[in-house]
Amino acid sequence: MSGIIHKVALILGGAGGIGSAAAQDLAAKGAKVAVADINAAKAEIVAKTIESKGGIARAYPVDITKKDQVQTLVEHIVRDFGSLDALINCAGIMFVRPLKEINTTEWETTIDLNVKGALWAIAAILPVFLEQQRGHVINISSVHGLKVFSPGGAVHSASKFALRALSEGLRAELASTPIRSSLITPGAVDTGIQYKTTGSDSARMLEIYKNAIPAEAVARAITFAMEQPANVDVNEIVIRPTAQAI
């Protein structure tokens, strides 16, 4: 817990699912939490829930597909809290649809949220981390970034493979600095994301998610990575339901 107290954590996608669970777990352990999400009303609810339990949190609206909004968000958080110690990229989407059903709108949304959103966040926080010579980037990936989910998951897997490469590249390039990079790789997690699959595979996804673990299980993995001593960099954690084969 000593590695969490007083740290300022920005959680993108903090209004629900893994982001909300992470915000509440970190705040309960003494972190100051910036809950950022496109759903400003839900982000405010999460922040107020944390405050009602004695924690420190503020809500911020942001569309992570908009580079300028993400930059402005980081500037506001540094101004409001005085520093920024961790970026937790929880925002994302999972569309599962066979490629032959060609839906370029879903493909574009997947890349904009899962890849470009993470890039815009890293671009915004990296100068802050480098100047203060500390910081931690935690990206939330998927087991579909370890093995292509097929049929139906080619584009989703492509985005998660890209996020894994980005996390490892960030780690390697910053190895001479105190800045850390972690990738949390969950299997099926009950966040509601399974209901956003609209293609012909939607029924199959719901069947897979019958064994889903709660978002709080992933939140604990995030906390574990953050609370390690400064000279320990937890680079990747894979966490999935015991019953999940893939």
Mutual orientation of the aromatic rings belonging to F81 and Y60 [parallel < 30°, tilted 30-60°, perpendicular > 60°]: tilted
Donor-acceptor contact present, side-chain Q69 to main-chain K66, <3.5 Å: no
Electrostatic pair E236-R164, nearest N-O below 4.0 angstrom: yes
Donor-acceptor under 3.5 Å (S181 side chain, S167 main chain): yes
Per-pair distances, 0.1 Å, donor-acceptor, side chain in residues 237-246, under 3.5 Å, sequence neighbours excluded:
{"unit_1": "R240", "atom_1": "NE", "unit_2": "I246", "atom_2": "O", "d": "3.4"}
{"unit_1": "Q244", "atom_1": "OE1", "unit_2": "A188", "atom_2": "N", "d": "2.8"}
{"unit_1": "Q244", "atom_1": "NE2", "unit_2": "I246", "atom_2": "O", "d": "2.9"}

Side-chain donor or acceptor of N39 paired with backbone N/O of K42 under 3.5 Å: yes
S157 side chain vs H144 backbone, donor-acceptor pair below 3.5 Å: yes
Derivation and outcome, side chain to side chain contact (heavy atoms under 4.5 Å, CB included), residues H136 and D85: CA-CA 6 Å; H136 197 166; D85 300 289; over 6 Å; no
Crowding at CD, E131 (>12 non-hydrogen neighbours, <6.0 Å): no
Student check: side-chain heavy atoms of T185 and K160 closer than 4.5 Å: no
Modelled atom types, side-chain donor and acceptor of S159 and N114, under 3.5 Å: yes
Heavy-atom pair with the smallest gap, counting every atom of H156 and T110: CA-CG2, 4.2 Å
Exam field: side chain R180 to backbone V232, donor-acceptor pair closer than 3.5 Å: yes
Backbone N/O of S182 and side chain of D233: donor-acceptor pair under 3.5 Å: no
Non-hydrogen atoms of V234 and Q228 that approach each other most closely: CG2-CG, 3.7 Å
